[in-house]
Asker: 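I have a structure I would like to understand better, so I am pasting it below and will then ask my questions one at a time.
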Amino acid sequence: FTIYQKVNYLKAKVLSRTIYIAQILPCPANLCPKILSAIVRFIWLGKIEKPQRCVVFRKIPEGGLSLTEPSLFYKALFLRPLFNALTEPESPESSLLRYWMAFSLRKHLPNIYKGNNVPVAVIERPFYLEEPVHQIKQLLEDGIISPNSRMVHRNIYATWISKVTGPGKTELLYPHLDWKSIWRNTAALKNTQIKETMFLFNQRLLPTRARDHRIDSTTDPTCCFCKQEPESDEHIMLHCPSREISTLWLERTLRTHGCSTIPMDFIRGQLGPVRNPRTSFALVAAYIYATWKERREGRTPSTTEIESLWASIL
């Protein structure tokens with residue numbers, strides 16, 4: 001499995017089995033971190049480093065992995081039926097919820113408050129309803145939900161998760177790049193292995209020798225091909241003398257497509273006003289994947305191999 005396939009597997013086969021119970025019982029606070037820890041271990045098994053949490057919860061076209069954050073997801077699932085039952089016409093469920101919640105929500109949901117100012121509903125409200133009361137107040141004040149419409153848990157989760165996500169280290173390091181277009185073009189790649197390599201490269205997570213050395217100082221950071229410089233991302237893709245032929249071919253080909261950006265920018269997908277952005281981006285992605293794949297095999301890819309891979313993913 002690639003990391004994208006692992007995320008899809010978790011959503012389809014694992015988290016989906018917890019949806020029903022999450023709608024009728026609140027998830028214990030001490031359980032969500034354990035679930036998230038198990039998810040992270042599964043996703044990054046075999047990887048040396050992993051990205052920041054603020055990155056992986058973003059949508060794939062926004063530079064993330066669309067990974068589900070269990071705590072917020074389960075809270076949204078539990079809140080949805082409570083709010084919908086609370087605001088629906090009279091029923092046994094709505095009557096019971098209004099008994100416990102109507103007084104606290106009387107300013108936000110005046111239609112559900114019938115003057116039943118019972119002290120027990122204020123002082124001894126069940127603990128599992130305390131947080132939903134505060135959440136409903138905040139969502140109504142922010143205009144995320146309306147008293148006259150049903151709640152959709154996906155919208156609530158999207159609102160909450162947007163507050164804990166943000167740019168990764170590479171985006172902060174290269175703020176001049178058009179990351180929206182780069183991530184959108186990465187998401188459009190159909191080959192998940194190439195997409196994964198492009199994601200790891202642009203998140204500075206490929207296990208290069210320089211990165212291995214930073215984690216374990218006993219490892220040799222020097223490039224095993226040229227034996228001259230530390231093996232960083234940029235060295236592998238642009239500066240290694242052993243790859244000069246393929247590097248020059250890549251730049252020459254991109255120039256014929258109208259690319260005018262410098263190598264340090266176009267290698268990350270910043271191509272400028274080219275004739276066909278998707279085609280040119282696919283070339284960069286094919287080059288990065290082929291270079292990294294053959295590096296693990298102890299060889300450098302030929303321009304013919306890169307061109308063949310490029311053609312196969314268009």
Side-chain angles (χ1 to χ4, degrees), residues 2-4 47 49-67 161-162 164-208 210-211 214 229-240 243 246-293 295 306 309-310 313-314:
T2 64
I3 52 178
Y4 296 101
K47 307 291 185 186
E49 288 186 289
K50 53 184 179 289
Q52 302 156 282
R53 296 279 174 90
C54 65
V55 170
V56 296
F57 298 128
R58 291 194 296 182
K59 297 178 181 178
I60 293 175
E62 297 173 359
L65 297 175
S66 290
L67 189 64
I161 200 66
S162 66
V164 299
T165 56
K169 294 178 181 178
T170 315
E171 294 167 81
L172 297 175
L173 188 62
Y174 303 106
H176 65 286
L177 300 184
D178 183 8
W179 286 107
K180 287 186 177 180
S181 296
I182 292 172
W183 294 131
R184 190 165 56 247
N185 288 330
T186 301
L189 295 170
K190 296 181 179 179
N191 186 303
T192 57
Q193 291 180 322
I194 296 175
K195 185 191 299 187
E196 177 184 90
T197 304
M198 196 69 184
F199 172 83
L200 294 175
F201 174 72
N202 272 332
Q203 293 291 350
R204 301 179 74 86
L205 293 172
L206 290 178
T208 61
R211 193 159 289 118
R214 192 180 70 245
E229 299 178 18
E231 187 196 55
S232 63
D233 291 338
E234 292 76 13
H235 177 81
I236 293 174
M237 302 301 171
L238 291 175
H239 306 314
C240 185
R243 299 183 178 91
S246 58
T247 304
L248 292 175
W249 172 84
L250 173 66
E251 183 173 4
R252 187 168 59 251
T253 306
L254 286 173
R255 298 302 183 211
T256 61
H257 285 233
C259 176
S260 58
T261 58
I262 61 175
M264 283 291 289
D265 288 350
F266 72 58
I267 200 62
R268 298 200 173 274
Q270 178 75 20
L271 304 172
V274 294
R275 290 192 297 274
N276 193 324
R278 289 279 177 92
T279 301
S280 300
F281 189 88
L283 170 59
V284 174
Y287 171 82
I288 289 174
Y289 175 76
T291 301
W292 181 250
K293 179 175 178 291
R295 173 261 186 198
I306 299 172
L309 178 61
W310 177 32
I313 64 176
L314 287 178

Asker: Just so I know, are the side chains of E234 and I267 near enough to count as touching, which here means a heavy-atom distance under 4.5 Å?
Answerer: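 Sidechains of I267 and E234: no contact.
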Asker: Could you measure the distance from the OG1 atom of T170 to the CZ atom of R204? Nearest 0.5 Å is fine.
Answerer: 6.0 Å
Asker: About how many Å separate CZ of R278 and CG of L283, when rounded to the nearest 0.5 Å?
Answerer: 15.5 Å
Asker: Looking only at heavy atoms, which two atoms of V56 and P51 are closest? And how far apart?
Answerer: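 Closest pair (atom of V56, atom of P51, distance): CG1-CG, 3.4 Å.
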Asker: Between I306 and S246, which heavy-atom pair has the shortest distance, and what is it?
Answerer: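 For I306 versus S246, the nearest heavy atoms are CD1-CB, 4.0 Å.
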Asker: Looking at every heavy atom in both L254 and S280, which two are closest together, and how far apart are they?
Answerer: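 In terms of heavy atoms, the two residues are closest at CD2-O, 3.9 Å.
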Asker: Would a distance-only check, ignoring hydrogens and angles, find a side-chain to backbone donor-acceptor pair under 3.5 Å from Q270 to I182?
Answerer: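 Checking the backbone N and O of I182 against the side chain of Q270, no donor-acceptor pair under 3.5 Å is found.
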Asker: Which side chain to side chain donor-acceptor pair (under 3.5 Å) pairs, counting each pair once, include a residue from residues 50-59, with sequence neighbours left out?
Answerer: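 Side chain to side chain donor-acceptor pair (under 3.5 Å) check on residues 50-59 returns R58-E171.
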Asker: So how far is it from D265 CG to L177 CG, rounded to the nearest 0.5 Å?
Answerer: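 Rounded to the nearest 0.5 Å, the CG-CG separation comes out at 5.0 Å.
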Asker: Heavy atoms only: give me the nearest A187-I60 pair and the separation to one decimal.
Answerer: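 For A187 versus I60, the nearest heavy atoms are CB-CG2, 3.6 Å.
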Asker: Would a 4.5 Å heavy-atom cut-off, applied to side chains only, mark M198 and N185 as touching?
Answerer: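 With C-beta onward as the side chain, the pair stays apart.
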Asker: Side chain to side chain contact (heavy atoms under 4.5 Å, CB included) for E231 and R295? Distances and angles first, verdict last.
Answerer: CA-CA 11 Å; E231 187 196 55; R295 173 261 186 198; 2.8 Å; yes
Asker: Taking atom OG1 of T197 and atom CG of L205, what is their separation to the nearest 0.5 Å?
Answerer: 12.0 Å
Asker: Testing the basics here: between L172 and P167, what is the closest heavy-atom pair and its distance to 0.1 Å?
Answerer: CD2-CG, 3.8 Å
Asker: Is the shortest heavy-atom distance from the side chain of F281 to the side chain of R184 under 4.5 Å?
Answerer: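 A side-chain contact is absent here, since even the closest heavy-atom pair is not under 4.5 Å.
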Asker: Can you tell me how far apart OG (S162) and CD (E62) are? Round to the nearest 0.5 Å.
Answerer: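 Between S162 OG and E62 CD, I get 9.5 Å after rounding to 0.5 Å.
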Asker: So, do K190 and I313 sit near enough that their side-chain heavy atoms are less than 4.5 Å apart?
Answerer: no
Asker: Quick check: does any side chain N or O of T2 sit under 3.5 Å from a backbone N or O of Q193, one acting as donor and the other as acceptor?
Answerer: no
Asker: With side chains defined as the heavy atoms from C-beta onward, is the minimum distance between R243 and I236 less than 4.5 Å?
Answerer: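 Yes. Closest side-chain heavy atoms under 4.5 Å.
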Asker: For the residue pair W183 and F199, categorise the inter-ring angle as parallel (less than 30°), tilted (30 to 60°) or perpendicular (more than 60°).
Answerer: tilted
Asker: Return the minimal non-hydrogen interatomic distance between A285 and L189, and the atom names on each side.
Answerer: CB-CD1, 3.8 Å
Asker: Using 30° and 60° as the class boundaries, would you call the ring planes of W310 and H257 parallel, tilted or perpendicular?
Answerer: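 If you compare the ring of W310 with that of H257, the planes turn out tilted.
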Asker: Take Y174 and W179 through the side chain to side chain contact (heavy atoms under 4.5 Å, CB included) test and state the conclusion after the steps.
Answerer: CA-CA 9 Å; Y174 303 106; W179 286 107; 4.2 Å; yes
Asker: Counting only N and O atoms by type, is there a donor-acceptor contact under 3.5 Å from the side chain of T256 to the main-chain atoms of T253?
Answerer: yes
Asker: Taking R211 for its side chain and D233 for its backbone only, find out whether a donor-acceptor pair lies under 3.5 Å.
Answerer: no
Asker: Apply side chain to side chain donor-acceptor pair (under 3.5 Å) to the pair Y287 and T247, showing each step before the final yes or no.
Answerer: CA-CA 9 Å; Y287 171 82; T247 304; 3.1 Å; yes
Asker: Using side-chain heavy atoms (C-beta onward) and a distance below 4.5 Å, is T208 in contact with H235?
Answerer: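 No. Closest side-chain heavy atoms not under 4.5 Å.
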Asker: Mind checking the OG1-CD1 spacing from T186 to I194? Nearest 0.5 Å is all I need.
Answerer: 11.5 Å
Asker: Is a donor on one side and an acceptor on the other found under 3.5 Å between the side chain of T165 and the backbone of F57?
Answerer: no
